[in-house]
Amino acid sequence: MSNIHFDEEIGKNRLESLYKLLNNGVIDYAGNSNYYMSPSIIINAENFKIGINLPIDVIETNKEKIITQNTGIILFNIQEIVLNDWDIKNVDYKFDNYLSNFISIFKIPLNWEKVQMMFPTNSIKIEIFNPENFKWSKAENSILTNSLYKVYPYPNDCFEYYFNYKQNWYRIKAEEFDKSSLAKTILILKAKLAYNPASNVLSIPKYFPLPSFIEKLLFLNHCLAKGKFPENRNYFIERKDFKKVNKVIFNNHIKIAADE
């Protein structure tokens with residue numbers, strides 16, 4: 001297994017490539033600021049196939065079947081992929097099977113380990129997340145409603161998140177991107193995402209902090225339905241499947257942008 005170490009103090013611009021690899025399923029988080037290459041896999045749909053982290057010789061052998069590709073991920077036409085004796089997992093894509101692994105995002109934090117604490121006023125700096133503009137500002141005291149904080153215990157710019165959710169506190173490490181993204185999504189979700197039933201597109205704003213485990217589903221579904229990569233986080237999803245996603249994952253908090 002190839003591990004990739006990630007520096008907690010890396011700049012925001014340099015994070016974009018990491019987020020894309022996480023959202024596309026090319027890498028996964030291994031804990032302790034480390035990431036690893038996801039196992040090689042081929043996923044088959046009705047009209048297209050997608051390969052993730054395939055060996056070079058498999059790619060070369062099947063290059064005439066490639067529709068498009070990007071770092072670690074390749075879209076193929078429907079023809080059979082020659083594996084050259086590699087033992088690569090090969091699965092059929094069923095949307096409902098993937099969705100069955102999800103629960104409501106509003107229930108997930110309740111399974112995290114709670115921490116017993118008072119608001120850490122003795123820290124060097126504390127910032128609160130503003131769900132209206134996605135920005136951070138100085139915080140003097142905690143608020144009673146659900147809220148997310150960056151707490152800097154030492155003068156070296158290292159921080160941890162503290163999530164106040166349903167009268168409980170949860171500590172989130174700086175590198176636990178899915179956890180912090182999930183907390184932000186819970187706080188800002190209402191009226192921030194829109195689905196257009198006329199085009200069957202779910203649009204995610206550029207800086208919306210959607211957790212990678214959700215974005216992977218949207219990315220995979222788009223690729224296997226359209227045979228191309230999504231642009232600017234605009235994900236094609238059939239109306240019937242969107243209704244399931246909206247109900248199961250988002251508690252019907254995603255608005256419908258236009259009538260059919």
Side-chain angles (χ1 to χ4, degrees), residues 19 22-25 27-32 35 38 93-120 127-132 134 136 139 142-151 159-195 202-205 207-222 233 235 237-257:
Y19 291 150
L22 281 169
N23 292 342
N24 297 353
I27 64 173
D28 284 305
Y29 181 55
N32 297 320
Y35 297 83
S38 302
Y93 177 71
K94 302 290 185 186
F95 181 83
D96 287 348
N97 290 348
Y98 277 76
L99 187 62
S100 67
N101 295 317
F102 289 82
I103 63 171
S104 166
I105 59 171
F106 300 98
K107 294 180 180 179
I108 293 175
L110 304 179
N111 296 316
W112 297 347
E113 182 179 357
K114 300 178 181 67
V115 293
Q116 301 298 321
M117 59 170 286
M118 300 294 289
F119 192 68
E127 296 176 331
I128 186 171
F129 178 72
N130 186 331
E132 295 301 320
F134 302 179
W136 297 88
S142 64
I143 59 177
L144 297 178
T145 55
N146 300 338
S147 47
L148 180 67
Y149 302 88
K150 275 184 184 177
V151 176
F159 65 87
E160 290 184 316
Y161 294 102
Y162 284 84
F163 187 33
N164 185 354
Y165 185 60
K166 295 185 180 295
Q167 285 74 57
N168 291 305
W169 284 97
Y170 303 91
R171 182 187 291 115
I172 304 172
K173 295 180 181 179
E175 70 272 15
E176 292 181 305
F177 299 116
D178 264 358
K179 279 190 173 183
S180 59
S181 293
L182 180 65
K184 293 175 186 176
T185 295
I186 288 172
L187 296 176
I188 68 181
L189 176 61
K190 197 167 186 178
K192 296 292 185 182
L193 298 184
Y195 176 76
L202 174 60
S203 298
I204 313 296
Y207 294 111
F208 191 98
L210 195 66
S212 65
F213 61 86
I214 297 174
E215 194 131 14
K216 284 175 186 175
L217 174 64
L218 299 175
F219 177 85
L220 179 64
N221 184 73
H222 178 103
R233 301 180 85 188
Y235 296 106
I237 179 170
E238 294 284 0
R239 178 71 180 272
K240 62 180 177 60
D241 293 331
F242 164 74
K243 287 182 176 180
K244 296 173 185 175
V245 165
N246 199 18
K247 180 180 179 180
V248 173
I249 301 178
F250 298 106
N251 280 20
N252 292 317
H253 277 64
I254 299 179
K255 64 181 180 180
I256 304 297

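The shown structure was predicted, so the numbers you read here are calculated from the model rather than taken from an experiment. Along the sequence shown, residues are numbered consecutively beginning with 1.
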Give me the one residue out of I204, L202, L218 that meets side chain to side chain contact (heavy atoms under 4.5 Å, CB included) with R233.
I204
Results of side-chain hydrogen bond (donor to acceptor under 3.5 Å, both in side chains) for Y93 - residues two or more places apart only
N221
Checking D178 side chain against P211 main chain: does a donor-acceptor pair fall under 3.5 Å?
no
When rounded to the nearest 0.5 Å, the distance separating CD1 of I249 from CZ of F102 is 4.5 Å
Do P109 and N168 come within less than 4.5 Å of each other through their side chains, counting heavy atoms only?
no
What verdict does the side chain to side chain contact (heavy atoms under 4.5 Å, CB included) test give for K114 and Y170, after you've listed the backbone C-alpha separation in whole Å, the side-chain angles of each residue and the deciding distance to 0.1 Å?
CA-CA 5 Å; K114 300 178 181 67; Y170 303 91; 3.6 Å; yes
Treating N251 as the side-chain partner and H253 as the backbone partner, does any N or O pair qualify as donor plus acceptor under 3.5 Å?
no
Are any non-hydrogen side-chain atoms of I108 and F213 less than 4.5 angstrom apart?
yes
Heavy-atom distance under 4.5 Å between the side chains of R171 and Y161, does that happen here?
no
Supply the atom-to-atom distance Q167 CD to T145 OG1, rounded to the nearest 0.5 angstrom.
9.5 Å
Between Y195 and V245, is there a side-chain heavy-atom distance shorter than 4.5 Å?
no
Below 4.5 Å, heavy atoms only, C-beta onward: do F208 and L193 meet side chain to side chain?
yes
Do the side chains of I105 and L189 get nearer than 4.5 Å, heavy atoms only?
yes
Side chains of Y235 and E215: is there a donor and an acceptor less than 3.5 Å apart?
yes
Does the side chain of F163 come within less than 4.5 Å of Y149's, by heavy atoms?
no
Do L187 and Y165 have side chains that approach each other closer than 4.5 Å (heavy atoms only, starting at C-beta)?
no
Step by step, would you call Y162 with I128 a side chain to side chain contact (heavy atoms under 4.5 Å, CB included)?
CA-CA 10 Å; Y162 284 84; I128 186 171; over 6 Å; no
With a cut-off of 6.0 Å (strictly less than), are more than 12 heavy atoms of other residues, nucleotides or ligands near NZ of K243?
no
Within this structure, what is the CG-NZ distance for the pair L210 and K192, rounded to the nearest 0.5 Å?
14.5 Å
Measuring centre to centre across the rings, with the benzene-like ring taken for any Trp, is F134 within less than 6.0 Å of Y207?
no
Locate the shortest heavy-atom distance separating K166 from F106; write the atom from each residue and the value.
CE-O, 4.4 Å
Euclidean distance, K150 NZ relative to S180 OG, rounded to 0.5 Å:
9.0 Å
Drop me the distance from D241's CG to F95's CZ, to the nearest 0.5 angstrom.
4.5 Å
Say you draw a straight line from NZ of K244 to CG of N246; how long is it, rounded to the nearest 0.5 Å?
13.5 Å
I188 to P209 - nearest heavy-atom pair and separation
CD1-CD, 3.5 Å
